[in-house]
Colleague: 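Structure in structure tokens, see below.
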Number of protein chains: 2
Amino acid sequence: MDRTQLQNSFEAYFNELGYDIDWQRLTVPMDVHVIRKGDYLFQQGDFANRLYFLHSGLVRYVSVSDEGKEFTQTFAKSPRIIGSTKAMVTETRVLFGIQALEDSMVSSYTWQAFYAQMRHDIGFLECYAKFLERIFIVKEERENAFVKHSAERRYLDFCAAYPELKDSIPQQQIASYIGITPVALSRIRHRLKLGRG
Amino acid sequence: MDRTQLQNSFEAYFNELGYDIDWQRLTVPMDVHVIRKGDYLFQQGDFANRLYFLHSGLVRYVSVSDEGKEFTQTFAKSPRIIGSTKAMVTETRVLFGIQALEDSMVSSYTWQAFYAQMRHDIGFLECYAKFLERIFIVKEERENAFVKHSAERRYLDFCAAYPELKDSIPQQQIASYIGITPVALSRIRHRLKLGRG
DNA sequence: AGAAGGAGTTAACCTAGGTTAATTTTTTCT
DNA sequence: AGAAAAAATTAACCTAGGTTAACTCCTTCT
């Protein structure tokens, strides 16, 4: 994959957000990262202040507690911007790592350099705002689910929302996404099977 | 409070976000809402697609589950933009209501009309993006706390983060903010008292 | 001041989900 | 294909927090 091909999928994504990005004006150096299944793009605690774009593959955002328990915050499928808005914007350490669930291809720019160029482009800003609205809404809906719904309901909602992931990723990662242990998820599935049978 | 005074506090807020808003260009009609302590600006399930600005007072975002249990998503103190980004942007029903904890003064614009005028202003867009970054980061940190920390830790973190609220709002609302019942919070406080004594 | 409704505490009991560990099934690797 | 490792299931037991209810303080209202 050369630079042009990478830019094409980047462009398609911005188009979908209603923006015709003008790559000619962008002189910031771009890095390319190839991540094998299971490997990390960056780890929790790193200074990951880059704008990453997932060209191909599937990743999860994984956050580990002081007691060493893993929690999956997000699954992200290409094409999509990935990374930590917080770490990008506030230059703090990132609260989660990004792990590839399939071999993945990612390009990246230093956020400060990228934004310094793009902030003068009104089309980009509108599109960036749209992106932020979108990720905020997802977080808000998730908060809502955590607070109002049982683990069983969250599992059913997950299956409805991600039918393609439901059978293609390990169950323990689904469990860690809905905020329970693999053992508890297995119990819930057992219960559901009885109910349906 | 007349329109000019209202705009002053609105302006001060945008200034803090790094933007000199030009009110002359804004011809959208503004509404003013006075909410008495305990009353609601809007209720969960409404189409609250307005941009609200809290000029004075204190509110909470309260979300109630199917079983009728209340959950406090956010406390917001003036001066601040309030409202539902989701309902504004996607024109869907809002997932929470906004209740005044003190007598409060709010002004509002129809989001679509407001945004239609402001989207051509690059300074506004930068500032809007900054606002979205900020509220996203808060949600992300809150998700992190819910998933990684115990209720006791969440309570201590709340006290550290909102020392002025800790003693001025009912404990049951603190409980509903950290996601437990008032009874459980009382138990936790009892435990902490023993530990310290 | 006295009544009435919140707000907080305490206690007894319950339950969803956590923990540990043994067992089986599936995947991966050579 | 066969060995080794990882994933999933099941069972027994544990715990944080939920539920209900009684009791005590406030506030606030007339």
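Every chain is numbered from 1, with letters handed out A, B, ... down the list of sequences.
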Colleague: Of A/S104, A/S78, A/S9, which meets side chain to side chain donor-acceptor pair (under 3.5 Å) against A/H55?
Modeller: A/S9
Colleague: Answer yes if the ring centres of A/Y177 and A/F71 are under 6.0 angstrom apart, and no otherwise.
Modeller: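 Here the rings of A/F71 and A/Y177 have centres that are no less than 6.0 Å from each other.
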Colleague: Grab the CZ-C1' distance between A/R191 and C/dT15 for me, whole Å please.
Modeller: 11 Å
Colleague: Once you round it to whole Å, what is the distance between P of D/dA8 and NZ of A/K193?
Modeller: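 Atom-to-atom, A/K193 to D/dA8, this comes out as 12 Å.
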Colleague: Between atom NE2 in B/H149 and atom P in D/dA16, what is the gap in whole Å?
Modeller: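 Atom-to-atom, B/H149 to D/dA16, this comes out as 17 Å.
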Colleague: Can B/S107 and B/H33 be counted as having a side-chain donor-acceptor contact under 3.5 angstrom?
Modeller: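 B/H33 and B/S107 do not have a side-chain donor-acceptor pair below 3.5 Å.
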Colleague: So, OP1 or OP2 of D/dT9: does either fall under 4.0 Å of a side-chain N or O from A/H190?
Modeller: no
Colleague: Give one of base, sugar-phosphate or nothing for A/P182, where a contact means two heavy atoms less than 4.0 Å apart.
Modeller: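 It contacts nothing in the nucleic acid.
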Colleague: Can we call the ring centroids of B/W111 and B/F53 under 6.0 Å apart?
Modeller: no
Colleague: If I take atom CZ in residue A/R154 and atom P in nucleotide C/dA16, what distance separates them, rounded to the nearest angstrom?
Modeller: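 So the two atoms are 13 Å apart, to the nearest Å.
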Colleague: Establish, with yes or no, whether the OP1 or OP2 oxygen of D/dT9 is under 4.0 angstrom from a side-chain nitrogen or oxygen of A/Q171.
Modeller: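 Yes, within the criterion.
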Colleague: Rounded to the nearest angstrom, tell me the gap between atom CD in B/E67 and atom P in D/dT20.
Modeller: 12 Å
Colleague: If you only use heavy atoms from C-beta on, which nucleotide in C/dG8, C/dT9, D/dG17 is closest to the side chain of B/P170?
Modeller: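 Minimum distance to the B/P170 side chain belongs to C/dG8.
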Colleague: What is the distance from atom OH of B/Y115 to atom CE of B/M88, rounded to the nearest 0.5 Å?
Modeller: 9.5 Å
Colleague: Between B/E164 and B/K77, does at least one N-O distance fall below 4.0 Å, as a salt bridge requires?
Modeller: no
Colleague: How many whole angstroms separate atom NZ of B/K37 from atom P of D/dT27?
Modeller: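 So the two atoms are 11 Å apart, to the nearest Å.
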Colleague: Measure the spacing between OG of B/S108 and CZ of B/F114 and express it to the nearest 0.5 Å.
Modeller: 11.0 Å
Colleague: Send over the distance from B/R189 CZ to C/dG8 C1', rounded to a whole Å.
Modeller: 8 Å
Colleague: In whole angstrom, what separates B/R153's CZ from D/dA16's P?
Modeller: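 Distance, rounded to whole Å: 17 Å.
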Colleague: Pull out every protein N or O sitting under 3.5 Å from an N or O of nucleotides 18-21 of chain C, one pair per line with the distance.
Modeller:
| unit_1 | atom_1 | unit_2 | atom_2 | d |
| --- | --- | --- | --- | --- |
| C/dG18 | OP2 | A/T181 | N | 3.1 |
| C/dG18 | OP2 | A/T181 | OG1 | 3.1 |
| C/dG18 | N7 | A/R187 | NH2 | 2.7 |
| C/dG18 | O6 | A/R187 | NH1 | 2.7 |

